[in-house]
Enquirer: 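My questions will all concern the structure given below.
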Amino acid sequence: MSKTKTKPVLEVRNLSTCFKTDQGVVTAIDDVSFDLYPGETLGIVGESGCGKTVTSKSIMRLLPEHLSFQKPESRVMYGGLNLAAATEAEMRTVRGDKIAMIFQEPMTSLNPVFKIGAQLEEALSYHTDLDRKARRQRAIDMLRQVEMPEPERRVDEYPHQLSGGMRQRVMIAMALCCEPEVLIADEPTTALDVTIQAQILDLMEGLKNKFNTAIMLITHDLGVVAQICDRVMVMYAGRVIEVASVRDLFHNPQHPYTQALLRSIPKSGGRQKGERLPTIKGIVPSLFNLPPGCRFQDRCEYREERCVRDEPLLEQHGNRSYRCHLPLGGAQ
Amino acid sequence: MSSSTDILQVKDLEMHFPVRGGILNRVQSKVHALNGVSFSLKKGEVLGVVGESGCGKSTLGKCLIRLHSPTAGSILFEGEELTGLSHGELMPYRKRIQMIFQDPYSSLNPRMTVRQALREVALFHQVPTPFGMNAYIEELVQRVGLRVDAVDKFPHEFSGGQRQRIGIARALACNPDVLVADEPVSALDVSIQAQVLNLLMDLKDEFGLTLVFVSHDLKVIEHFCDRVLVMYLGNVVEELSCDDLHKNAAHPYTKALLGANPINDPDDRRPLIVLQGDVPSPFVLPPGCAFAGRCPVAEAKCHTDRPRLERKSVDHPVSCWLVD
């Protein structure tokens with residue numbers, strides 16, 4: 001991947017999103033910065049509550065405005081437009097057309113009272129000037145592209161008539177019908193069985209190669225990341241703690257949290273009878289009550305005094321970056 | 001298959017759920033959730049049950065603890081037949097076979113503290129508590145890795161992993177012999193999942209438990225279980241040892257499941273095995289092998305005749321025409 005030559009399609013800088021809650025204002029993601037390049041798949045991993053979904057929804061500005069706000073220094077640059085400061089009208093030209101999103105639970109994100117054809121055509125009627133006949137044809141074509149069986153018949157069915165895998169195909173067809181430059185997939189296969197997951201991942205990979213779409217894949221499944229991502233961003237308690245190419249991350253993690261996360265997955269093959277899994281002690285800190293210094297320090301096995309005193313910065317080292325005073329080192 | 005050390009023997013277990021409808025509320029069709037499941041379980045063994053959603057793995061778990069009354073077949077627990085027993089007759093067995101559920105939040109009463117929830121189980125099953133009820137409960141809570149002050153808290157005060165520990169403590173409160181764990185770690189993050197799996201492994205040794213571990217995650221099954229039962233549409237398609245799962249998997253469906261599981265190594269990228277189509281409807285079973293419609297190697301015979309679960313080698317039953 002020649003990152004130096006291509007320009008990023010999406011630049012996120014200092015993105016911080018806060019929520020107003022009964023217990024005061026809480027910063028769900030804090031100073032998140034990353035680039036997304038055309039044709040790459042960026043995996044975002046982390047445990048529940050680390051801010052993966054808030055990051056994607058903040059980029060799309062899909063969070064409720066009366067309950068949340070972005071800090072003024074937040075910038076999300078897409079084609080010269082700062083999405084963090086864009087008007088709702090400007091957002092509407094981007095959303096669904098240039099940047100599309102696939103959600104985790106396809107049943108709740110499809111409208112149960114409309115036929116899937118109508119839901120596919122809605123985005124087309126908004127973003128293109130195709131006439132009704134052409135839109136229907138395009139909807140059927142898209143269903144065929146996502147390998148939906150019998151697209152001519154399925155286009156007139158309702159979401160409840162489809163299986164989980166087929167619904168997720170509809171979501172992908174809907175996201176891709178305007179050929180977006182950026183596709184944000186928020187746990188697209190978590191609710192699906194492994195055999196169906198394999199179908200959907202295969203499909204996303206094919207479509208990425210065809211349209212040169214940049215994919216932001218949010219997942220907690222490190223196996224999925226290893227198989228299809230180019231680069232990975234690891235988040236912990238609202239912070240980006242490590243960004244690296246998928247190979248560097250799996251073979252040579254620098255942040256102790258990344259290492260611990262990778263170790264705690266059961267390995268396939270080569271099982272030792274009665275072997276215990278390495279675990280991370282403790283639990284993820286509450287965002288209301290973050291530890292001083294590094295947010296991972298109270299669970300970290302390498303902790304030193306300065307980890308408690310100062311929070312490390314996300315620093316660039318070659319083509320990767322990490323947020324740790326005591327990186328694990330090893331062959332770079 | 002059967003020997004004197006078997007704690008649990010299941011034979012030809014069938015569970016069909018009637019679907020009623022129409023103005024007379026007649027039985028219109030049946031969901032064939034289990035269609036003749038057989039296996040046996042030795043004392044101290046961990047048996048994994050794996051398959052896609054709707055394959056009957058949870059139904060099997062619920063039949064084992066008799067939350068469902070099976071339509072046909074038998075469940076022998078230490079030689080005693082459990083099917084057909086009345087509510088009262090089942091009581092002595094209830095405390096010997098316990099269950100852990102997938103979602104620890106919806107399976108705990110939100111208005112009961114941990115102490116009340118555990119006390120209820122111990123009182124109901126008349127568990128002997130030589131040092132008093134409170135001491136018993138506190139010891140149990142510490143045994144599952146929670147602090148003693150957790151006993152007077154309510155379920156909402158705990159995180160997901162801690163709630164699952166409470167679920168485990170409740171299952172252990174009546175000192176069972178067999179524990180049926182229905183997707184106990186599926187709702188948890190990987191770091192917490194590892195903690196709970198380690199805990200289950202320790203408790204298994206300490207309490208001498210025999211486990212039935214239902215999961216859709218082959219990596220977890222492979223790590224945790226001794227043997228695995230692969231299910232598809234209410235049938236067992238293969239039963240094999242976890243020690244060399246990848247090498248010995250014989251049924252095309254087991255191979256597909258293994259192949260569809262993403263491997264945690266970016267240098268070992270391989271095309272995931274993509275099965276076409278979805279699982280057939282459980283209302284009307286196909287005449288031949290249930291997997292034939294999606295099977296990459298199916299032959300004409302597979303679509304017309306149903307294969308039986310036959311032992312292909314020692315302790316390795318497979319239900320497939322094409323495996324010998």
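Given the structure is predicted, the values throughout are model-derived calculations rather than measurements. The sequence lines fix the lettering, A, B, ..., with proteins before strands; numbering per chain opens at 1.
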Enquirer: Evaluate B:L197 against A:R276 for side chain to side chain contact (heavy atoms under 4.5 Å, CB included), listing each step before the verdict.
Expert: CA-CA 8 Å; B:L197 285 176; A:R276 292 172 62 92; over 6 Å; no
Enquirer: Taking atom types as modelled, find out whether B:Q193 and A:S264 have a side-chain donor-acceptor pair closer than 3.5 angstrom.
Expert: no
Enquirer: Contact between B:L257 and A:T195 at the side-chain level, heavy atoms closer than 4.5 Å - yes or no?
Expert: yes
Enquirer: Please check if the side chain of B:N198 supplies one atom and the backbone of A:L277 the other of a donor-acceptor pair under 3.5 Å.
Expert: yes
Enquirer: Would you name the heavy atoms of B:A260 and A:A198 that are closest together and state the gap between them?
Expert: CB-CB, 4.0 Å
Enquirer: Which residue out of A:I283, A:L261, A:I196 racks up the most heavy-atom pairs below 4.5 Å with chain B?
Expert: A:I196
Enquirer: Looking at every heavy atom in both B:R294 and A:Q199, which two are closest together, and how far apart are they?
Expert: NH2-NE2, 4.3 Å
Enquirer: Can you see which heavy atom on A:I280 is nearest to which on B:S191, and at what distance?
Expert: CD1-CB, 3.6 Å
Enquirer: Return the minimal non-hydrogen interatomic distance between B:P266 and A:V246, and the atom names on each side.
Expert: CG-O, 3.7 Å
Enquirer: Can you tell me which portion of A:I265 sits under 4.5 Å from chain B's heavy atoms? Options are side chain, backbone, both or neither.
Expert: side chain
Enquirer: Are the side chain of A:R247 and the backbone of B:D267 linked by a donor-acceptor contact shorter than 3.5 Å?
Expert: no
Enquirer: By ring pair (Phe, Tyr, Trp, His ring centres under 6.0 Å), which residues pair with A:F288, not counting sequence neighbours?
Expert: none
Enquirer: Which bit of A:V225 is near chain B, if near means a heavy-atom gap under 4.5 Å: side chain, backbone, both or neither?
Expert: backbone
Enquirer: Give, as side chain, backbone, both or neither, the part of A:S163 having an atom under 4.5 angstrom from any heavy atom of chain B.
Expert: side chain
Enquirer: Quick check on A:I228 against chain B: is it the side chain, the backbone, both or neither that has a heavy atom closer than 4.5 Å?
Expert: backbone
Enquirer: What are the two closest heavy atoms between A:A226 and B:I263, and how far apart are they?
Expert: CB-O, 3.5 Å
Enquirer: Starting at CD of B:E52, measure out to CD of A:Q197 and round the result to the nearest 0.5 Å.
Expert: 11.0 Å
Enquirer: Is it the side chain or the backbone of B:D202 that comes within 4.5 Å of chain A heavy atoms, both, or neither?
Expert: side chain
Enquirer: Would a distance-only check, ignoring hydrogens and angles, find a side-chain to backbone donor-acceptor pair under 3.5 Å from A:Q227 to B:N261?
Expert: no
Enquirer: Can you name the ring pair (Phe, Tyr, Trp, His ring centres under 6.0 Å) partners of B:Y232, sequence neighbours left out?
Expert: B:Y253, B:F291
Enquirer: Any residues in residues 146-157 of chain A near chain B, with a heavy-atom distance under 4.5 Å, and which are they?
Expert: none
Enquirer: Based on non-hydrogen pairs under 4.5 Å, which of B:L218, B:V46, B:V190 is most in contact with chain A?
Expert: B:V190
Enquirer: Applying salt bridge (Lys or Arg N to Asp or Glu O under 4.0 Å), name anything that partners B:D205, two or more places apart in sequence or on another chain.
Expert: none
Enquirer: For the CG atom of A:L262 and the CG atom of B:D265, what is their distance to the nearest 0.5 Å?
Expert: 11.0 Å
Enquirer: Just by distance, do the side chain of B:D189 and the backbone of A:E47 share a donor-acceptor pair under 3.5 Å?
Expert: no
